[in-house]
Amino acid sequence: MISHHARFLLLAASLGLANLLSAAERPNIVLLYADDVGWGDLGCQGATAVRTPALDRLAQEGIRFTDGHAPSATCTPSRYAMLTGEYAWREKGTGIAKGDAAAIIQPGRTTLPSILKQAGYRTGVVGKWHLGLGPDGGPDWNGDIKPGPLEIGFDYSFLIPATGDRVPCVYVENHRVVGLDPADPIQVRFGEKVGDDPTGRERPNLLKMHPSHGHDMTIVNGISRIGYMTGGQAARWTDEDMADRITEKAVAFIEKAPRDQPFFLFFSFHDIHVPRVPHPRFVGKTAMGPRGDAIVQMDWCVEQVLATLDRLGLADDTLVLFSSDNGPVIDDGYHDEAVAKLGDHRPAGPWRGGKYSNFEGGTRVPFLARWPKRIPAGRVSEALVCQVDLPATFAALTGQNLAEKDAPDSFNLLPALLGESETGRDHLVEHARSLSLREGSWKYIEPTKGPQKNANTGTELGGAPAGSLYDLATDPGETTDLISREPDRARAMATRLKAIQAAGRSR
Ligand code: NG6
Ligand code: CA
């Protein structure tokens, strides 16, 4: 069998990339990506109402970034930016995707997985996708579902196609719905009803969890969803064992990956997005109801991955990252006691707002990295880092140069990631309902009309008609708008933000 090193040399030679040879050994990469988990939801960042021992271990054995960001304050745009290295607000069609949306990232683009595949990695994605599947008009759920992850650089995929709270409620493995009976084809529709499956609106008595806003369409597993679906009965998922199912697939991917080749696993949790329906063994583990129990379940998923790496002797050579796709939300559409049982737990930690918000709570999320061979244990870094930087950072890690057009907003933050430097980005565009520019501790939010709170979730959204300006160094909670006291600074930041938008790139 050809050795890992020989294969690496051959690959380097065949690509003619001299600098590939000088790259450090290429670690395996496991990107653990949580959904709607807030900065303050981790024990290592102050949570006491829920324990997260696996994540705390990751932080203790690696580096914890206090100023780490999702690219956007909701899911689809964050994932788009993380996989392409391009801010989602530059492109139409990157907002929260419906369950039957067509593939948003086009085949042929340079992506996080294609960069790693190019470097010789075996690449896989397991869990929530929410980046659309199929051609224009959406996928054929009963046929070959493509394009999708396999067409943009992943060798393997096992997907929750959109989110847990919207149809279709089935898993997709590579190009096919898992367990589909051809005699019971799936139909999916958003907008009008399809088929005669009961809906939450018509038959609330059938529900085990009731919607608080939206989420009153087709009932699957006693929970009404966004959108309508009929057929595919045998293929429908059970929310209670979703974490087990996807963890099993993630662990199997690591186990089966050839040992003479590094691997990249994007393990994208369903937790702690709504509907929060953890397995019975996690129910009641916190006093916070399903939202707290879902955090415990998510931490269990992390634990399984770390244990697998330990068991296979891969931990030292594996870079494990953990982050979340946007800030926290309490009631995101179901009556699940999250509001009533929150107590004094602060999901966003010291930051104001949460999911959907221009305040820091929208995008400032947990951001942990462990690589025992290269990252000193127990580091805490204040460097400004963002998930949009992963493509350029991993390109650098694997000794590759990005083409000018690729990953236009992605910066190589390898020195910061490895704890060798406290310098991260000098600026970052944060994206919620409008854009904000961070420069050091300063934050400028462009002028924003409209309500102060999200009507559904009650989240404070931030922003003001004249724009707003905060100094996070003296005012981390964004309580004092300095826009009228520092008009010159605000104007300069507004000008720079406009220039970044106009340039179409920032790298
Ligand atoms: C919103 C949903 C919310 C959640 C969100 C997507 C309603 C009223 N709200 O439209 O429940 O699903 O989309 O969340 O339907 S995300 O984390 O995937 O971006
Ligand atoms: Ca999310």
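Ligands are counted one by one from 1 in listed order, and the atoms in each one are counted from 1 as well.
The closest side-chain donor-acceptor pair between Gln387 and Tyr33 falls under 3.5 angstrom. Looking only at atom types and distance, the side chain of Tyr80 has a donor-acceptor partner in the side chain of Glu86 under 3.5 Å away.
With Lys98, Arg225, Arg166 as candidates, the residue nearest to atom 10 (O) of ligand 1 on a non-hydrogen basis is Arg166.
Listed by atom number, the atoms of ligand 1 under 4.0 Å from His130 heavy atoms are 18 (O). Near Asn326, with a cut-off below 4.0 Å to any heavy atom, the atoms of ligand 1 are 17 (O). Residue Asp35 approaches ligand 1 through these ligand atoms, each under 4.0 Å from one of its heavy atoms: 17 (O). Every atom of ligand 1 is numbered from 1 in the order shown, and the set under 4.0 Å from a heavy atom of His215 is 7 (C), 9 (N), 11 (O), 15 (O). Each of the atoms 8 (C) of ligand 1 lies under 4.0 Å from some heavy atom of Asn456. Near Ile226, with a cut-off below 4.0 Å to any heavy atom, the atoms of ligand 1 are 15 (O). Every atom of ligand 1 with a heavy atom of Asp332 under 4.0 Å away is listed here by number and element: 3 (C), 4 (C), 11 (O). Of all atoms in ligand 1, listed by their number and element, those nearer than 4.0 Å to a heavy atom of Tyr356 are 1 (C), 3 (C), 4 (C), 5 (C).
When the shell of 6.0 Å around NZ of Lys285 is examined, it contains 12 or fewer heavy atoms from other residues, nucleotides or ligands. Other residues, nucleotides and ligands place no more than 12 heavy atoms under 6.0 Å from the CD atom of Glu382.
An N or O contact shorter than 3.5 Å links Lys128 to ligand 1 by distance. Residue contacts with ligand 1: His213 is placed with no nitrogen or oxygen under 3.5 Å of a nitrogen or oxygen of the ligand (distance criterion only). Not a single N or O atom of Thr163, backbone or side chain, sits closer than 3.5 Å to an N or O atom of ligand 1.
Closest to the Ca ion (ligand 2) among the N, O or S atoms of Asp36 is OD1. The closest approach of Asp35 to the Ca ion (ligand 2), by N/O/S atoms, is made by OD1.
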Check against side-chain contact (heavy atoms from CB on, under 4.5 Å), Tyr356 and Asn326: CA-CA 8 Å; Tyr356 309 113; Asn326 49 251; over 6 Å; no

For the pair Asp299 and Arg51, evaluate salt bridge (Lys or Arg N to Asp or Glu O under 4.0 Å) and give the outcome as yes or no after the intermediate values. CA-CA 9 Å; Asp299 194 70; Arg51 294 184 57 243; over 6 Å; no

Between Phe367 and His69, is the side-chain contact (heavy atoms from CB on, under 4.5 Å) condition met? List the steps. CA-CA 7 Å; Phe367 204 116; His69 290 258; over 6 Å; no

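The shortest contact between atom 12 (O) of ligand 1 and any protein heavy atom is with Asp165 OD2, 2.6 Å. Counting only heavy atoms of the protein, atom 16 (S) of ligand 1 lies nearest to Cys75 CB, 3.1 Å. Of the protein's heavy atoms, Lys355 NZ, 2.8 Å lies nearest to atom 14 (O) of ligand 1.
Under 4.0 angstrom from ligand 1, the non-hydrogen atoms of Ile96 all belong to its side chain.
Each of Asp36, Ile272, Thr52 was scored for a side-chain contact (heavy atoms from CB on, under 4.5 Å) with Asp41, with one residue passing: Ile272.
Look at Arg276 and Asp293 and you find no salt bridge, because none of the NZ, NE, NH1 or NH2 atoms lies under 4.0 Å from a carboxylate O. With respect to Lys146 and Glu151, no salt bridge is recorded, no charged nitrogen being found less than 4.0 Å from a carboxylate O. Salt bridge annotation for Asp144-Arg176: present, with a cationic side-chain nitrogen under 4.0 angstrom from a carboxylate oxygen.
For Phe158 and Tyr156, the distance between ring centers is not under 6.0 angstrom.
At a threshold of 3.0 Å, the Ca ion (ligand 2) has no backbone or side-chain N, O or S atom of Ser324 nearer than that distance.
Heavy atoms only, all atoms of each residue included: Asp332 and His213 are closest at C-NE2, 3.4 Å.
Contact annotation: Tyr334 has no heavy atom less than 4.0 Å from any atom of ligand 1. Gly333 does not count as a contact of ligand 1, since none of its heavy atoms falls under 4.0 Å from the ligand.
Here the angle at the Ca ion (ligand 2) defined by OD2 in Asp325 and OD1 in Asn326 stands at 90°, rounded to 10 degrees.
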